[in-house]
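First the structure, in the form of structure tokens, and then the observations on it.
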Amino acid sequence: MSGAKSVNQQRLWQRHADMAKLGGTPRGGVNRQALSPEDAAARNQLAGWARARGFSVFTDAIGNLFVRREGTDPAAPPVLSGSHMDSQPTGGRFDGMYGVLAAFEALEALEDAGIKTRRPVMAVAWTNEEGSRFQPGAMGSAVFAGTYRLDDMLAQKDWKGVVLKDALADTLKAAPAPMRDGPPGFSVDSYVEAHIEQGPRLENEGKTIGVVTAIQGSRRYIVTIEGEEAHAGTTPRAARKDAYAAATRLAAAMYEATTDEADTLRFTIGRVEVSPGSPNTVPGKVTFTIDMRHPRNEVLEAHEAKLRAIVAGKAAPCPAVIERVTNVAPTDFDPGVIGLVRDKARALGLSNMDMPSGAGHDAMHIAKLCPAGMIFVPCERGISHNEIENATPQDLAAGTQVLVEVLEALANR
Ligand code: GLV
Ligand code: MN
Ligand code: MN
């Protein structure tokens with residue numbers, strides 16, 4: 001039997017349901033933020049399933065969790081597939097988790113079909129892809145790829161001041177796995193990540209498989225505005241240094257400056273913190289985040305200059321600074337892997353289309369190490385980063401069928 005025919009739709013769907021209980025929210029989504037107890041529970045779940053199938057499990061110094069199915073040549077660099085198990089605070093049950101469970105299902109399908117591969121095939125759950133609790137996102141894969149320094153990441157703090165190193169230690173204590181010695185990273189032959197599309201194109205076009213060609217570039221910033229706390233009832237306007245009033249001027253100018261006719265540039269202010277957060281005190285400090293994305297680096301560069309000019313020119317009388325916290329260049333995937341995904345989808349009789357990714361993924365970092373690509377499947381109305389995110393068991397299984405065929409081909413090269 002082929003790998004694709006051994007993909008078990010019911011098992012894959014049930015695994016999603018089991019994982020959705022870990023951090024499950026009343027609206028049917030998940031709150032399983034990076035290095036939380038819910039993240040630890042998901043790690044234990046995956047590791048338990050892996051051990052039950054006789055696969056080996058290990059972690060690394062940033063907490064990436066690996067599952068290994070041995071090849072006939074154990075010394076050959078493995079083929080790797082996976083995604084992330086952490087979620088947005090009000091996340092869906094498929095963003096990230098699908099890529100991990102599809103990779104694990106691919107390992108199980110190879111096992112069930114009795115298929116031997118020359119290279120080992122491995123599944124991975126990368127640490128902190130979302131970057132909503134700890135910045136920056138796609139952290140585990142970036143450390144693995146050598147793009148971010150391990151020590152810098154261990155020192156990151158979440159919004160409440162919890163240091164990542166401590167949260168990671170707690171997580172690994174709650175979800176123990178053998179630790180791979182040395183800094184994260186090892187030789188990988190190739191990488192393929194399955195993911196829900198998180199946008200509406202596949203559904204609108206009636207296609208089952210997205211052959212992902214590229215990921216747009218993304219940058220994140222934090223803007224900090226210093227004001228002066230004062231009494232809300234007594235302080236005249238001229239005497240105020242109202243940090244929130246300044247923030248609204250900056251934000252309005254930024255929305256204006258990032259509105260392009262083609263609607264290609266993506267600009268989001270997703271988190272605003274007003275301090276001290278009291279109704280009758282003029283705000284003394286505001287911080288807000290910016291997430292900005294575009295397929296072309298020079299467009300991001302030009303708009304970053306605009307944002308900086310706005311911060312410099314429109315915050316008075318409040319001092320304001322803008323700090324860039326991530327800058328991930330656009331990624332072009334490997335033509336060989338792209339072609340393989342397209343060919344396998346066609347051979348399985350699955351409708352497909354080439355498309356770039358609007359969302360960021362761990363694959364953007366791993367693509368620097370080895371030939372890489374991605375497989376998208378539709379999600380309902382394109383909705384993601386939302387508890388109502390949904391996908392069908394049939395589409396999830398179809399993407400996994402393509403994945404297992406691609407992994408098998410890569411592992412026998
Ligand atoms: C990942 O969730 C992203 O922000 O693209
Ligand atoms: Mn994701
Ligand atoms: Mn996400």
Side-chain angles (χ1 to χ4, degrees), residues 16 19-20 23 25 29-34 36 38-39 42 64-65 81-103 123-142 191-199 201-202 210 212 214-222 264-271 289-295 300 324-331 355-367 372-379 382-391 396 399 403:
H16 281 88
M19 283 292 195
T25 58
V30 290
N31 177 5
R32 192 171 46 237
Q33 294 184 62
S36 63
E38 294 77 21
D39 184 0
N64 297 319
L65 182 63
S81 177
S83 193
H84 59 98
M85 303 200 292
D86 65 313
S87 81
Q88 292 286 313
T90 53
R93 35 171 88 188
F94 303 98
D95 175 5
M97 186 55 83
Y98 170 55
V100 175
L101 294 181
V124 57
W126 302 109
T127 294
N128 183 32
E129 191 275 345
E130 294 291 3
S132 52
R133 178 182 177 195
F134 292 102
Q135 312 251 349
M139 184 185 279
S141 51
Y191 178 76
V192 188
E193 179 166 348
H195 208 284
I196 58 165
E197 181 201 342
Q198 304 183 278
R201 289 188 59 196
L202 289 172
V212 187
I215 298 182
Q216 67 178 340
S218 63
R219 300 183 181 202
R220 279 202 204 174
Y221 309 84
I222 296 183
T264 310
L265 186 67
R266 300 279 172 261
F267 174 87
T268 305
I269 295 175
R271 185 182 176 95
T289 60
I290 295 170
D291 179 304
M292 186 164 70
R293 311 191 194 202
H294 193 277
L300 291 170
R324 191 171 69 198
V325 288
T326 50
N327 177 7
V328 184
T331 302
M355 60 190 304
S357 174
H361 300 286
D362 293 298
M364 66 199 177
H365 294 302
I366 306 307
M374 290 190 72
I375 299 166
F376 278 173
V377 295
C379 60
I383 294 173
S384 185
H385 285 195
N386 187 318
E387 290 159 279
I388 65 168
E389 178 185 271
N390 200 14
L396 298 175
L403 179 67

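First listed ligand is number 1; within each ligand, the first listed atom is number 1. Everything numeric here is computed off the predicted structure, so don't read it as measured data.
Close contacts of ligand 1 with Glu130, meaning ligand atoms under 4.0 Å from a residue heavy atom, involve 1 (C), 2 (O). For ligand 1, the atoms lying closer than 4.0 Å to a non-hydrogen atom of His385 are 2 (O). Distances below 4.0 Å separate heavy atoms of Ala359 from the following atoms of ligand 1: 5 (O). Within ligand 1, counting atoms from 1 as listed, the ones closer than 4.0 Å to a heavy atom of Arg293 are 3 (C), 4 (O), 5 (O).
You'll find the side chain of Ser218 reaches within 4.5 Å of the side chain of Val328, heavy atoms only. Side-chain contact check for Met19 versus Arg93: every heavy-atom pair is 4.5 Å or farther apart.
The shortest separation from a heavy atom of Glu129 to ligand 1 is under 4.0 Å, placing the residue in contact.
Side-chain atoms of Ser87 come within 3.5 Å of backbone atoms of Arg32 as a donor-acceptor pair (strictly under, hydrogens ignored). Looking only at distances, a side-chain donor or acceptor of Glu197 sits under 3.5 Å from a matching main-chain atom of Leu202. Side chain of Glu389 to main chain of Cys379: no donor-acceptor pair is present (N/O by atom type, distance under 3.5 Å, no hydrogens or angles). Side-chain atoms of Ser83 do not come within 3.5 Å of backbone N or O of Met97 as any donor-acceptor pair. Judged by distance alone, with hydrogens and angles left aside, the side-chain atoms of Arg293 form no donor-acceptor pair with the main-chain N or O of Arg266 at under 3.5 Å. Under a 3.5 Å cut-off, the side chain of Tyr191 and the backbone N or O of Met374 do not form any donor-acceptor pair.
For His195, the N, O or S atom closest to the Mn ion (ligand 2) goes by the atom name NE2.
Inside a sphere of radius 2.8 Å centred on the Mn ion (ligand 3), the protein N/O/S atoms present are Asp95 OD2, Glu130 OE1, Glu130 OE2, His385 NE2.
Between Asp291 and Arg220 a salt bridge is recorded (basic side-chain N to carboxylate O distance below 4.0 Å).
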